[in-house]
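These numbers come from the heavy atoms of this one structure, side chains and all, not from hydrogens, waters or symmetry mates.
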Amino acid sequence: MKRKYPHLSSPITLGNVTFKSRIFSAPMGGTDITADCCIGPKSTKFYELRAKGGAAAVTISECMVHPETDGSHAYHLDLSVPGSLPSFTYTADAIRRHGCIPSVELSHSGQFSGTYLADKNKKQGLAQWGPSAGVRADGLKIGELTKQMIDEIVEAYGKTAALAKRAGFEMVMVHGGHGWLINQFLSPLFNFRTDEYGGSFENRVRLAQEILKSVRKAVGPGFPIEFRMSGDEFVEGGYHLDEGIKIAQAVEDYVDLIHVSAGTYQKTFGITHPSWFEEHGRNVYLAAEIKKHVNKPVATLGGLNDPAMMEEIVASGKADVVEMARALLADPQLPNKIYENRDEEIVRCLRCFTCMAERAATSTRRCTVNPLIGREDECLGEVAPAAKSRKVLVVGGGPGGLYAAYTAARRGHNVILCEATDEVGGLLKGEAAIPFKYEMFQLGGTYKLLCEQEGVDIRLNTKVTKEYAEKEAPDAIIVAAGSNPVIPPIPGLKEAENMILAEDYYLEKDKVKDSVVVLGGGLVGCELAVCLADEGKKVTVVEMRSELCPDANIRYRPLLMKKMEEVGIEIHTDCTCKEVNDKGVLCSENGKDIVLKSETIFSALGLKANTSVVEELRGISPQFASIGNCVKPDTITFAVYQGYHAALDIH
């Protein structure tokens, strides 16, 4: 077989272990952590799904090695905790049975303990220890680790590595980046010690070397050790690439793979986990430069999801291994699709941060484009065939309707999907005009391809009326008819010749002039404003609420607000549009009238559920469901999850 991506698909040997390809699953926190910090059954399946999808290695994240000085509620591998060793053993087995190498990330959060608690107030009762005493940004006091504590932590890394090996893990990753404890010692941003662990570079790297020696002694020769580090902290007062190179050189004798990430805790979230405002692979150059100065293999990551880009990284020698986290949530089968030359079927990660926001808010996982995430224990990616094949009519070709049709067809049903316009995708079609959201536009095409491969009969330019549905006589109807833009009764707005609906920007892009007022500071309005400002427009956003995008997820909203500031958008909150006239947009801001002059006005004032279609079609078929925006305007996540389960409910 001739592979499209031969370098990416080729094996690599680290220590005495051979990995089947260069595609590794980077550490991701699981979907359940038990009360006593064991790997829950959902998490075992969560990690197994990536192994089943073809990753060469899957790393469990994160195992905290020394609970006495690290109060984070994360995994502990500790013989004193009943169920701890078995939970790790069963997880290693689940990964290994698919020909994948199981690895576990050994970590200590240092002064940032409490990171994994959904109730952040409980951090007050935890131990916060770091290289130096001080006070965190959130007001919590940090204690300085004593030499005795450091010795105990170094020993704990070795003991935990030995237990991981006993449990069946065939590699360990030592987390030395992202502002965690080892990185805190490496970085002048955190380390102000005056003893043998502070000051000079040789002193700051000492803890990392001692830990790696402890781990090597515990696991023995030939057992792969991966060291995760930040190639550059990207903050004032931290270290940069020149010192990142020195760190890699200082640890390479003790490790088998140098995993180059980027950034530091909280300060660089959108760099460590590149947002859609960043280029794919924005941190690859760090690994490429470090690789020039070391003799051990190097891994890279950072918003990677394109097989062609990853192939070039390995083929050109920028890195030996590519790692992904979010991309393998979006499509766990991504590696298998690469090996089998089916890369056009890959469901691309949107980099929307739904997964990480849920992790922070509810200690669970969820993915916008993959409804299986968090539910891996139900079927591990397999959709059970229906007991009897039914005729299913799906009304609406947005993301929810497409996923419902795809799922129903996978179960063996005869599926017809009708879309009233000339192309599927729903609101995703509009994202084609917003460069940083282009993968949302692509999602519609990918879902369409998956539907076609499963035999879905897609009928475009087909409006489903009651008569049409009765003539088709389906056994089940799933209505995914979407929503319509809201145009409030603001005098002059609807009649204004220079008014464009935000949802129609992709159709009327050529009409947009140099100065723009966007009415509505929700997600749609703010993202459109960023896009327009990036194009050089002078943009003003008007929002009646006291803040922008209060409904945006907690990981994405700060990045969006920062981007709006960077591109120079003028913002008016607590501001209500009263009228649109020849003078401009008349608004009331904090009780005072203001006039905003603009050549183009965008209305991004919300959506209204298309309930009329739901009511017209209700009662025609024995089985009936309505999903997505025709129920209530919400996110793609909402529509896809509802579509998936509506299809599973057909009996």
Side chains of K509 and C531 in contact at under 4.5 Å (non-hydrogen atoms): no
Derivation of the side chain to side chain contact (heavy atoms under 4.5 Å, CB included) call for H572 and I594: CA-CA 10 Å; H572 294 268; I594 60 171; 3.8 Å; yes
Minimum side-chain heavy-atom gap K267-F234 below 4.5 Å: no
Donor-acceptor contact present, side-chain E439 to main-chain L350, <3.5 Å: no
Neighbour count >12 (heavy atoms, 6.0 Å) for atom CE, M561: yes
Gap separating the OG1 atom of T635 from the CG atom of N553, nearest 0.5 angstrom: 9.5 Å
Distance-minimising heavy-atom pair for V486 and S603: O-OG, 4.0 Å
Close side-chain approach of F624 and V479, heavy atoms under 4.5 Å: yes
N/O donor-acceptor pair under 3.5 Å between R366 side chain and T637 backbone: no
Ion pair check, K437 and E527, cut-off under 4.0 Å: yes
Non-hydrogen atoms of A469 and I477 that approach each other most closely: CB-CD1, 4.3 Å
Check: T462 side chain, L460 main-chain N or O, donor-acceptor pair, under 3.5 Å: yes
Distance-only side-chain donor-acceptor flag, K537 / T600, under 3.5 Å: no
Exam field: side chain T272 to backbone A262, donor-acceptor pair closer than 3.5 Å: yes
Single hit among W276, F277, F269 for ring pair (Phe, Tyr, Trp, His ring centres under 6.0 Å) with H273: F269
D306 side, atom CG; C349 side, atom SG - distance, nearest 0.5 Å: 13.0 Å
T421 and E419 side chains, donor-acceptor separation under 3.5 Å: yes
Spacing of OG belonging to S483 relative to CG belonging to L427, to within rounding of 0.5 Å: 5.0 Å
Of all pairs that satisfy side-chain hydrogen bond (donor to acceptor under 3.5 Å, both in side chains), the ones with a partner from residues 558-568, not counting sequence neighbours: none
Heavy-atom side-chain contact between L402 and Y406 under 4.5 Å: no
F353 and Y556 aromatic ring geometry - parallel, tilted or perpendicular at 30°/60° bounds: parallel
Test item: R557 side-chain N/O and C549 main-chain N/O as donor-acceptor pair under 3.5 Å: yes
Working for side chain to side chain contact (heavy atoms under 4.5 Å, CB included), residues R136 and F112: CA-CA 8 Å; R136 289 185 357 186; F112 295 121; 4.3 Å; yes
Heavy-atom pair with the smallest gap, counting every atom of S621 and P474: CB-O, 3.4 Å
Main-chain N/O of H651 paired with R390 side-chain donor or acceptor, under 3.5 Å: yes
Any donor-acceptor N/O pair, D504 side chain to L507 backbone, under 3.5 Å: no
Exercise: do S230 and D232 side chains pair donor with acceptor under 3.5 Å: no
Evaluation steps, ring pair (Phe, Tyr, Trp, His ring centres under 6.0 Å), between Y265 and F190: CA-CA 11 Å; Y265 182 75; F190 303 108; 8.6 Å; no
Flag, side chain of R365 to backbone of G29, donor-acceptor distance under 3.5 Å: yes
Heavy-atom check, side chain of V424 versus side chain of C451, under 4.5 Å: no
Quiz item: cation-pi between R359 and F46, 6.0 Å / 45°: no
Derivation and outcome, side chain to side chain contact (heavy atoms under 4.5 Å, CB included), residues L329 and N370: CA-CA 7 Å; L329 287 175; N370 183 0; 6.0 Å; no
Check: V530 and M564 side chains under 4.5 Å, non-hydrogen atoms: yes
Cationic tip of R375 above Y644 ring, under 6.0 Å, 45° of axis: no
CE-CG distance between M310 and L334, expressed to the nearest 0.5 angstrom: 5.5 Å
Step-by-step salt bridge (Lys or Arg N to Asp or Glu O under 4.0 Å) determination, E279 to R282: CA-CA 5 Å; E279 294 292 329; R282 66 95 64 215; over 6 Å; no
Separation of T446 OG1 from E344 CD (nearest 0.5 Å): 9.5 Å
Sole residue of V517, I487, V580 in side-chain contact (heavy atoms from CB on, under 4.5 Å) with M499: I487
Criterion side chain to side chain contact (heavy atoms under 4.5 Å, CB included) on T268 and E233, from CA distance to verdict: CA-CA 8 Å; T268 60; E233 291 187 291; over 6 Å; no
Which atom of E323 lies closest to which atom of A26, heavy atoms considered: OE1-CA, 3.6 Å
Donor-acceptor under 3.5 Å (E579 side chain, P491 main chain): no
Test item: C418 and Y468 side chains (from C-beta on) under 4.5 Å apart, heavy atoms: yes
Side-chain donor/acceptor of R411 to backbone N/O of A647, under 3.5 Å: yes
Between S261 and H178: side-chain donor-acceptor atoms closer than 3.5 Å: yes
Spatial distance of atom CD (E543) from atom CD1 (I571) [nearest 0.5 Å]: 10.5 Å
D534 side chain near V567 side chain, heavy-atom distance below 4.5 Å: yes
Distance-minimising heavy-atom pair for E452 and I458: CG-CD1, 4.0 Å
Salt bridge (charged side-chain N to carboxylate O under 4.0 Å, His left out) pairs, two or more places apart, involving residues 593-604: K578-D593
Shortest non-hydrogen contact from L532 toward F602: CD1-CE1, 3.7 Å
Residues that D331 engages under salt bridge (Lys or Arg N to Asp or Glu O under 4.0 Å), provided they are two or more places apart: K337
No-hydrogen, no-angle side-chain donor-acceptor test under 3.5 Å, Q333 and E345: no
